[in-house]
Amino acid sequence: MTTLEEHIAAAHPGADLGQTKDGTVFWRVSAGMIGDAVTLLQRAGVDRFLDLTAVDDPTRDDRFELNYLFYTSTGKRWFRLKARTNGDAPSITAQFAGADFYEREVFDLFGVRFVGHPNLTRLLLPDDWQGHPLRRDEPLGGEPVDFTVTRDVYGT
C-alpha cells in the first residue's frame with residue numbers, strides 16, 4: 001500500500017512535505033494549486049475535510065497561511081494542507097461541501113477571498129462591519145469589563 005506522502009511525491013517530485021510538532025504530515029503548496037492538491041488527496045484516499053483556519057503575518061507579501069485539516073478513514077491518519085496567499089485562494093466547496101462555512105469564517109475574520117465560493121458572505125459579524133478582526137494589523141478594540149476595581153476608572 002502506498003502512503004499518502006509517496007502518492008504526493010510520485011505526482012509532484014520535490015513537493016514541500018513536512019511534519020508538524022504533533023506528527024501530522026503536511027504538504028505546502030501555492031495558493032493557486034489548492035484545488036489540484038485537494039483532488040490529488042481525494043484520489044489518494046483522503047475522504048474527510050475537518051477544518052480550515054488561517055495565520056496572519058503582515059510582514060510577508062503572502063501574509064496569510066491557510067491550514068486545511070483532512071482525515072483519511074482507511075489509513076486512519078490526519079493530513080494538513082498549507083498554502084500562503086496575499087488574499088485570494090480557490091474555494092474547495094465543490095470537492096468538500098463541508099468547507100463552505102469554514103471558508104466564510106476565514107473570509108469574515110481574515111478577509112481572504114475564496115474564488116468560486118457559492119455564497120461568500122459574512123458569517124459571524126454583521127454585514128456592515130468594517131474590517132476583519134483577526135488580521136494582525138486590525139486595531140484592537142474593547143469594552144471595559146464591570147469589575148469593582150474598574151468602576152472608579154471607567155465610571156461604570
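What's counted below: heavy atoms across the whole structure, side chains too, no hydrogens, waters or symmetry copies.
Rounding to the nearest 0.5 Å gives a distance of 8.0 Å between CZ of Phe26 and CG of Leu17. Note: Ile34 CD1 to Thr39 OG1 = 12.0 Å, rounded to the nearest 0.5 Å. Between the CH2 atom of Trp129 and the CG atom of Leu109 there is a distance of 10.5 Å, given to the nearest 0.5 Å. Rounding to the nearest 0.5 angstrom, the gap separating the CG atom in Leu4 from the CG atom in Leu41 is 6.0 Å. Residue Arg28 holds its CZ atom at 11.0 Å from CG of Leu66, rounded to the nearest 0.5 Å. Here the OG1 atom belonging to Thr121 is positioned 8.5 Å from the CG atom belonging to Asp108, to the nearest 0.5 angstrom.
Note on ring orientation: taking the six-membered ring where Trp is involved, the planes of Phe64 and Phe110 are perpendicular (angle over 60°, cut-offs 30° and 60°).
Salt bridge annotation for Arg60-Asp62: present, with a cationic side-chain nitrogen under 4.0 angstrom from a carboxylate oxygen. Electrostatic pairing of Asp56 and Arg63 counts as a salt bridge here, judged by a charged N lying under 4.0 Å from a carboxylate O. For Arg77 and Glu5, the salt-bridge test passes: some basic side-chain N is under 4.0 Å from an acidic carboxylate O.
Across all their heavy atoms, Ala10 and Pro13 have their closest contact at O-CD, 4.1 Å. Residues Phe107 and Arg113 approach most closely at CE1-NH1, 3.0 Å, considering heavy atoms. Closest approach of Arg84 and Ala31 over heavy atoms only: O-CB, 3.5 Å.
Under the 4.5 Å side-chain heavy-atom criterion for grouping Ile, Leu, Val, Met, Phe, Trp and Tyr, Val55 is not connected to Val106 through any hydrophobic cluster. Follow the hydrophobic side-chain contacts under 4.5 Å out from Met33 and you reach Val46 in the same cluster. The same ILVMFWY cluster, assembled from side-chain heavy atoms under 4.5 Å apart, contains both Leu120 and Tyr102.
The ring of Tyr71 has its center no closer than 6.0 angstrom to the ring center of Phe49. The distance between the ring centers of Phe79 and Tyr68 does not fall below 6.0 angstrom.
Ile8 has its side chain within reach of Leu40: a pair of non-hydrogen atoms, C-beta onward, lies under 4.5 Å apart. By the 4.5 Å heavy-atom criterion applied to side chains, Trp27 and His12 are counted as neighbours. Between Ser73 and Arg48 the shortest side-chain heavy-atom distance falls below 4.5 Å. Contact of the Phe114 side chain with the Leu52 side chain is registered, since non-hydrogen atoms from C-beta on lie closer than 4.5 Å. Here the side chains of Arg136 and Asp57 are not in contact, with every heavy-atom distance at 4.5 Å or above. Contact of the Phe70 side chain with the Arg80 side chain is not registered, since no non-hydrogen atoms from C-beta on lie closer than 4.5 Å.
Inspection of the Asn67 and Thr53 side chains reveals no N or O donor paired with an N or O acceptor under 3.5 Å.
Between the Glu6 side chain and the Thr3 main chain, a donor and an acceptor come within less than 3.5 Å of each other. A donor-acceptor pair under 3.5 Å is absent between the side-chain atoms of Ser91 and the main chain of Val115, judged by distance alone. Side-chain atoms of Glu103 come within 3.5 Å of backbone N or O of Ile92 as a donor-acceptor pair. Checked by atom type and distance alone, the side chain of His117 never pairs as donor or acceptor with a backbone atom of Thr93 at under 3.5 Å. Proximity of a side-chain donor or acceptor of Thr72 to a complementary backbone N or O of Lys76 within less than 3.5 Å is not detected. In this structure a side-chain-to-backbone donor-acceptor pair under 3.5 Å is missing from Asn86 to Asp61. A donor-acceptor distance shorter than 3.5 angstrom exists from the side chain of Gln42 to the backbone of Gln95, with no hydrogens or angles considered. When atom types are taken as modelled, the side chain of Glu138 and the backbone of Gly131 share no donor-acceptor pair closer than 3.5 angstrom.
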query = So Val38 and Leu81, side chain to side chain contact (heavy atoms under 4.5 Å, CB included) or not? Walk me through it.
reply = CA-CA 8 Å; Val38 169; Leu81 182 66; 3.9 Å; yes
inquiry  = Assess the residue pair Trp78 and Asp22 against the criterion (side chain to side chain contact (heavy atoms under 4.5 Å, CB included)); give the C-alpha distance rounded to whole Å, side-chain angles, the decisive distance to 0.1 Å, and a yes or no.
reply    = CA-CA 10 Å; Trp78 303 95; Asp22 67 355; over 6 Å; no
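A cation-pi geometry, defined here as NZ or CZ lying under 6.0 Å from the six-membered ring centre and within 45° of its normal, holds between Arg104 and Phe101.
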